[in-house]
Q: 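Quick one: this structure, given as structure tokens, is what I'll be asking you about.
Letters go in sequence order (proteins before strands), and every chain restarts at 1.
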Amino acid sequence: MARATIKSIAKKTGYSVGTVSNALRGAPSVKRETREEIQNAASELGYRVNLDGLKLRTNKSYRIAVLVSVSDNAADEWEGVEFTRILAGISDAVQGSRYQLSVFSIRDGDAALRTLHTIVQEGLADGVIFSGTRVNDQRIAYLQDKGFPFVTYGMSDSVEPHPYVDLDSQAAAFDATARLLALGHKRIALINPPDDLIYAHQRRQGYSDALSAGGIEFDPALVFPGPTTAKTGQRAFAALMRMRNRPSAIICANEAMTLGALSGAADMGVQVGRDVVLISNDDLKLSQYFVPPPSTYYLPIGETSRLLGEFMLKALDGVDPSETQKKIRATLIERQPDTPAPGTAQTN
DNA sequence: GTCCGCAAACGGTCAGTAGC
DNA sequence: GCTACTGACCGTTTGCGGAC
């Protein structure tokens with residue numbers, strides 16, 4: 001059966017293609033009864049707008065590009081699983097609009113920039129969503145230079161404002177560190193994302209601020225940066241536990257790193273919750289299944305990714321970026337006791 | 001003023017035609 | 001038979017104009 005078009009609806013209803021087009025877009029210039037008649041006919045024929053035809057006329061693709069990072073560092077890892085949830089959230093947000101999602105997998109920063117060039121130059125999408133904002137992010141500079149709508153999952157250091165959704169990483173790291181300090185921990189380590197990521201700086205700053213507020217000197221040896229993978233968590237844990245003055249508490253940047261740290265603890269015969277305490281960041285609530293389940297600072301990924309989609313639609317409508325910036329504070333989920341057994345919390 | 005039709009326009013593809 | 005060119009076509013939007 002041939003695909004329904006405006007022409008076939010015009011033929012079925014007896015109206016011109018122009019009237020059908022206006023009616024389908026809900027134009028007030030079309031009488032309500034006519035509009036309903038045409039919309040009912042469209043529904044009966046299973047009409048869906050043809051994006052190629054739409055692009056032909058409007059020079060817009062009605063597609064939103066989503067860049068998905070597929071890092072070689074994450075081979076044999078679960079990192080990236082959350083992208084399915086992110087895509088689902090964005091998809092929910094754009095449902096009902098004319099926009100559809102196009103997914104582009106990206107291996108590294110250079111590939112991301114090349115892909116953005118292609119998307120912009122070849123008109124493959126009208127807007128783009130991506131995550132993992134970096135210091136002096138060239139992707140953001142390029143898109144701003146081109147005036148191309150975009151939303152980032154993560155803030156940036158760009159002087160020119162742009163739409164974003166982000167976890168307040170600085171506050172999350174500050175809260176986690178302050179919580180551990182209040183519970184008597186003096187040696188607190190931070191397993192952090194790579195240094196070139198903006199949120200790694202924010203986490204480090206929040207951690208450092210909390211230590212300073214608690215009268216504890218910042219020790220760079222207690223900060224372990226690396227890819228946000230279980231492997232990094234495992235290596236970091238082993239390195240930290242080999243220290244002469246080892247930490248009594250460790251803050252992990254995500255669930256994968258926490259899982260790696262737990263695995264490292266099992267390998268070394270270190271009992272988490274007694275010998276050392278872990279605190280994680282969580283967006284999938286998977287930490288509840290870890291043994292033992294750590295306390296986490298939780299950010300609902302469904303809500304944040306829906307916002308990404310909503311902000312994208314607003315950016316495409318030309319809404320001022322100042323109205324499409326959201327920093328979300330994580331909520332603490334308390335699980336295992338965060339205080340080691342008496343006498344085991346170590347001091348400087 | 002309301003409602004609707006007409007026709008042009010967009011960029012790429014492909015069939016048809018002319019010339020060699 | 002090959003190449004070069006022309007024009008119709010695809011689906012949709014939209015400005016303009018006509019009928020009532």
Q: How many Å lie between CG on A:Leu51 and C1' on B:dC10, as a whole number?
A: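 It works out to 15 Å between those atoms.
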Q: Is there a side-chain polar atom (N or O) of A:Ser21 under 4.0 Å from OP1 or OP2 of C:dT12?
A: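 False: A:Ser21 side-chain N/O out of range (4.0 Å or more) of C:dT12 OP1/OP2.
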Q: Relative to the 5' end of DNA chain B, which residue comes earlier, A:Val17 or A:Val30, by the nucleotide with the nearest heavy atom?
A: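 Of the two residues, A:Val30 wins.
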Q: Can you figure out which of B:dC4, C:dT13, C:dG11 approaches the side chain of A:Thr5 most closely?
A: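 Of all the options, the side chain of A:Thr5 is nearest to C:dG11.
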Q: Report the distance from atom CZ of A:Arg25 to atom C1' of B:dC4, rounded to the nearest whole Å.
A: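 About 14 Å, once rounded to whole Å.
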Q: What is the distance, to the nearest angstrom, from the NZ atom on A:Lys7 to the P atom on C:dC10?
A: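 Rounded to whole Å, this separation is 5 Å.
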Q: Looking only at side-chain atoms of A:Tyr15, point me to the closest of B:dC4, C:dT13, C:dG11.
A: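 Nearest to the side-chain atoms of A:Tyr15, counting from C-beta on, is B:dC4.
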Q: Base, sugar-phosphate, or nothing: which does A:Tyr62 touch, judged by heavy atoms less than 4.0 Å apart?
A: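 Nothing, no heavy atom under 4.0 Å.
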Q: Under the side chain to side chain contact (heavy atoms under 4.5 Å, CB included) criterion, do A:Lys327 and A:Met155 qualify, and how do the steps go?
A: CA-CA 8 Å; A:Lys327 206 153 72 166; A:Met155 298 171 66; 3.4 Å; yes
Q: Using whole Å, what does the distance between atom P of nucleotide B:dC4 and atom CZ of A:Arg32 come to?
A: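 Atom CZ in A:Arg32 sits about 12 Å away from atom P in B:dC4.
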Q: Return the value, rounded to whole Å, for the distance between atom CG of A:Asp52 and atom P of B:dA9.
A: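 The distance from CG of A:Asp52 to P of B:dA9 comes to 22 Å, rounded to the nearest Å.
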Q: Check A:Thr331, A:Ile251, A:Ile279, A:Ile333 against A:Tyr297 for a side chain to side chain contact (heavy atoms under 4.5 Å, CB included) and give me the one that passes.
A: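 Exactly one candidate clears the test, A:Ile279.
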Q: Would A:Lys12 and A:Glu37 pass as an ion pair if we require N to O under 4.0 Å?
A: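 Not counted as a salt bridge, because no side-chain N and carboxylate O are separated by less than 4.0 Å.
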Q: Compare side-chain N and O positions of A:Thr34 against OP1 and OP2 of B:dC4 and report whether any pair is under 4.0 Å apart.
A: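 Yes, within the criterion.
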Q: For A:His117, run the ring pair (Phe, Tyr, Trp, His ring centres under 6.0 Å) check against A:Tyr142, A:Phe104, A:Phe148 and tell me which one passes.
A: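 In the set A:Tyr142, A:Phe104, A:Phe148, the residue that makes a ring pair (Phe, Tyr, Trp, His ring centres under 6.0 Å) with A:His117 is A:Tyr142.
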Q: Please give, in whole Å, the distance from B:dA9 C1' to A:Leu54 CG?
A: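 The answer, rounded to whole Å, is 14 Å.
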Q: Tell me which nucleotide among C:dT13, C:dG11, B:dC4 gets nearest to the side chain of A:Ile6.
A: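 The closest nucleotide is C:dT13.
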Q: Within the 4.0 Å heavy-atom criterion, would you say A:Gly123 contacts the bases, only the backbone, or no part of the nucleic acid?
A: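 Answer is nothing: A:Gly123 stays at 4.0 Å or more from every strand.
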Q: Could you tell me how far apart A:Arg57 (CZ) and B:dG12 (C1') are, to the nearest whole angstrom?
A: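 After rounding, the reported distance stands at 17 Å.
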Q: In terms of side-chain heavy atoms of A:Leu56, which of C:dT12, B:dG5, B:dC10 is nearest?
A: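 Closest nucleotide among those given: B:dC10.
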Q: Salt bridge between A:Asp175 and A:Arg329, side-chain N to carboxylate O under 4.0 Å?
A: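 Result for this pair is yes, salt bridge flagged.
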Q: In whole angstrom, what separates A:Lys31's NZ from B:dC4's P?
A: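 One finds 5 Å between P of B:dC4 and NZ of A:Lys31, rounded.
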Q: Under 4.0 Å, heavy atoms only, any strand: does A:Arg98 hit a base, just the sugar-phosphate, or nothing?
A: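 A:Arg98: backbone/sugar contact only, no base atoms under 4.0 Å.
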Q: Picking from C:dT14, C:dT12, B:dC4, which would you name as closest to the side chain of A:Thr19?
A: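 Taking heavy atoms from C-beta onward, the closest nucleotide is B:dC4.
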